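Notes follow once the structure below has been shown.
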Amino acid sequence: MLRKFLSQASIRRNFAVSSSSSLAFLRQCSSSSQNPNSHFVEHLEDSTEPPPSATISIDRTALYNPSEHSHELYAESELVKHLKNIIKFRGGPITVAEYMEEVLTNPKAGYYINRDVFGADGDFITSPEVSQMFGEMIGVWAMCLWEQMGKPNKVNLVELGPGRGTLLADLLRGASKFKNFMNSLQIHMVECSPALQKLQYENLKCTTEDGADGNEEKRINSTLAETPVSWHATLEQVPTGLPTIIIAHEFFDALPLHQFQKASRGWCEKMVDVTENSSFRFVLSPQPTPATLYLMKRCKWAETEEIAKLNHIEVCPKAMDLTQEISKRIGIDGGGALIIDYGLNGIVSNSLQAIRKHKFVDILDNPGSADLSAYVDFAAIRHSAEEVSGVSVHGPMTQSQFLGSLGINFRVEALLENCTEEQAESLRTGYWRLVGEGEAPFWEGPDDQTPIGMGTRYLAMAIVNQKQGVPVPFP
């Protein structure tokens, strides 16, 4: 979600992509019998085939719930104008990754930049907003890793995309009695949104002190832990040289991805273009694109049978590159990273989704007004990390298994002993959402408010310095 990180794309325009080798690979990986027009995605190239239907219909069976178009009329926003200008002056469509980057992190109008998008009043709810127990269990994991690291006197605790700061605030409150651990922490928040930075400052109960002299930078401390707190635009800006614990909860799912669709001529990248009536549409690139290099890399990690049954593939170069950056830091400085997100332990097909006011909407509908995210390819994260020496990868396991092994069952029982009936209902609902699967069987309230369990939809994976052994609770 970080603008500067996103702008440092590892896919450069000056990549020398060999058209012949790329085309050969793309054809080899795809079935020539597939009719590209069966998915109603228009092509940029001239073709003697009948024109596609005017109705754009994208296969969205991989989503948890189908999307819907709002059919509402919106005044054209500055972001919409900006996207159309990019396409106009470039003289052609942009990738889905470029579209995501602008929609989510445009400095002036990006979805995350100037608003609070979390919680009941926002567009979606994350695990830390569901229950304090989530942050507390992450704190248990962090303390166990700190002990495996040899209880260093100083450690960088880094959260990528901290949202409101709820997870870290609950972590610090839960760990407050463990003084040696708390005293070792130096907190680093990797966040690009000024609005969310302000919320994080408030939720961590931060105070600002002037430096020893007027020329020094002001010091910010969290009164929850009497711990220094710093904000950074990218992980690269976080100081190195100390053992590091990195938490990435629902961060990878918002990194820009590239979508490829199987066509008669091979795998083609899906792009975003503007129609004659000035609406957005999907098209397919007639030529191999720079992202084809990452598609080739991802397919080499997969079984031929896995690829053969797919008509769509999503690849996220940002996730691959960030994983390697994390792994190199951990391999040199020590420590570990915990990644929790919704995703699959294998190639992800057509999962990109837009959420507005807790409902799925069309991806191209009023860009900038809805969150965009996609399933995380945990297998690609694992392979990316394993290319770096000095680290080991563990998982993924389901969020239900992860939290259960860390003791969330005992924690909810302890909390239920001293609470009101209203608090007990909230605890039971929050517990189910974190570890349950499907609709809560105990729910007696309105059907449209039935708690839905995230326990199996979300996965947890750890990357640690291999000298530290296996992190809890991974087998």
Side-chain angles (χ1 to χ4, degrees), residues 11 17 19 22-63 66-67 87 92-101 255-275 279-319 344 346-354 362-364 372-377 380:
I11 303 177
V17 181
S19 297
S22 296
L23 284 170
F25 169 81
L26 297 176
R27 288 171 179 147
Q28 182 181 3
C29 287
S30 65
S31 170
S32 60
S33 62
Q34 177 68 26
N35 181 356
N37 291 327
S38 65
H39 295 280
F40 303 103
V41 180
E42 298 185 32
H43 292 249
L44 295 178
E45 63 180 357
D46 293 333
S47 174
T48 58
E49 298 176 352
S53 166
T55 302
I56 299 177
S57 174
I58 305 300
D59 178 13
R60 303 186 61 74
T61 55
L63 296 184
S67 66
I87 294 171
I94 60 176
T95 66
V96 173
E98 291 171 306
Y99 176 82
M100 283 186 70
E101 180 178 342
L255 294 177
L257 56 81
H258 296 260
Q259 290 188 315
F260 289 85
Q261 180 171 310
K262 187 183 293 184
S264 59
R265 63 185 183 276
W267 286 103
C268 302
E269 182 163 6
K270 189 185 293 186
M271 316 284 280
V272 177
D273 200 5
V274 179
T275 65
S279 61
F280 292 107
R281 65 173 178 177
F282 288 113
V283 298
L284 295 182
S285 172
Q287 302 292 337
T289 58
T292 302
L293 296 176
Y294 283 89
L295 175 66
M296 295 168 66
K297 185 175 184 179
R298 182 62 188 90
C299 288
K300 288 179 181 178
W301 290 336
E303 298 293 333
T304 304
E305 296 78 13
E306 183 182 9
I307 300 171
K309 63 184 181 182
L310 297 174
N311 292 321
H312 301 84
I313 292 179
E314 292 174 346
V315 292
C316 187
K318 302 289 186 183
L344 301 172
I347 285 184
V348 177
S349 186
N350 196 31
S351 74
L352 181 62
Q353 60 192 24
D362 190 272
I363 295 167
L364 301 180
L372 298 180
S373 63
Y375 276 56
V376 173
D377 183 347

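If you're wondering where the values come from, they're calculated on a predicted model, not measured in any experiment.
- Distance check: Arg281 CZ to Asp273 CG gives 5.0 Å after rounding to the nearest 0.5 Å.
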* **Residue pair Phe260, Val315: steps toward the side chain to side chain contact (heavy atoms under 4.5 Å, CB included) verdict** => CA-CA 8 Å; Phe260 289 85; Val315 292; 3.7 Å; yes
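- In this structure, Arg298 and Ala380 approach most closely via the heavy-atom pair NE-CB, 3.6 Å.
- Side-chain contact between Phe282 and Val96 is present, with heavy atoms from C-beta onward closer than 4.5 Å.
- No side-chain heavy atom of Cys268 sits under 4.5 Å from any side-chain heavy atom of Gln261.
- Side-chain contact between Trp267 and Leu295 is present, with at least one heavy-atom pair separated by less than 4.5 Å.
- Residues Leu352 and Gln259 have side chains in contact (heavy-atom distance under 4.5 Å, counting atoms from C-beta outward).
- Defined by atom type and a distance below 3.5 Å, a donor-acceptor pair is missing between the side-chain atoms of Ser285 and Glu269.
- Using a 4.5 Å cut-off on side-chain heavy atoms (C-beta onward), Val348 and His312 make no contact.
- Here the side chains of Leu284 and Lys270 are in contact, with some heavy-atom distance below 4.5 Å.
- Applying side-chain contact (heavy atoms from CB on, under 4.5 Å) to Tyr294 and the options Cys299, Pro317, Cys316 leaves one that passes, Pro317.
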* Check the pair Trp301, Ile347 against side chain to side chain contact (heavy atoms under 4.5 Å, CB included), reporting the backbone distance first and the verdict last. => CA-CA 9 Å; Trp301 290 336; Ile347 285 184; over 6 Å; no
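- Side chain of Lys262 to main chain of Ala308: a donor-acceptor pair is present (N/O by atom type, distance under 3.5 Å, no hydrogens or angles).
- Between the side chains of Ser351 and Glu314, at least one donor N or O lies within less than 3.5 Å of an accepting N or O.
- Taking the side-chain contact (heavy atoms from CB on, under 4.5 Å) definition, one finds that Glu303 meets it with Glu305, Glu306, sequence neighbours left out.
- The side-chain contact (heavy atoms from CB on, under 4.5 Å) search around Ile94 returns Leu83, Ile86, Ile87, Arg90, Glu98, Tyr99, Val272, not counting sequence neighbours.
- Among residues two or more places apart in sequence or in another chain, the side-chain contact (heavy atoms from CB on, under 4.5 Å) test is passed with Ala97 by Thr95, Pro256, His258.
- Within the 4.5 Å cutoff, side-chain heavy atoms of Leu257 are placed close to those of Met100.
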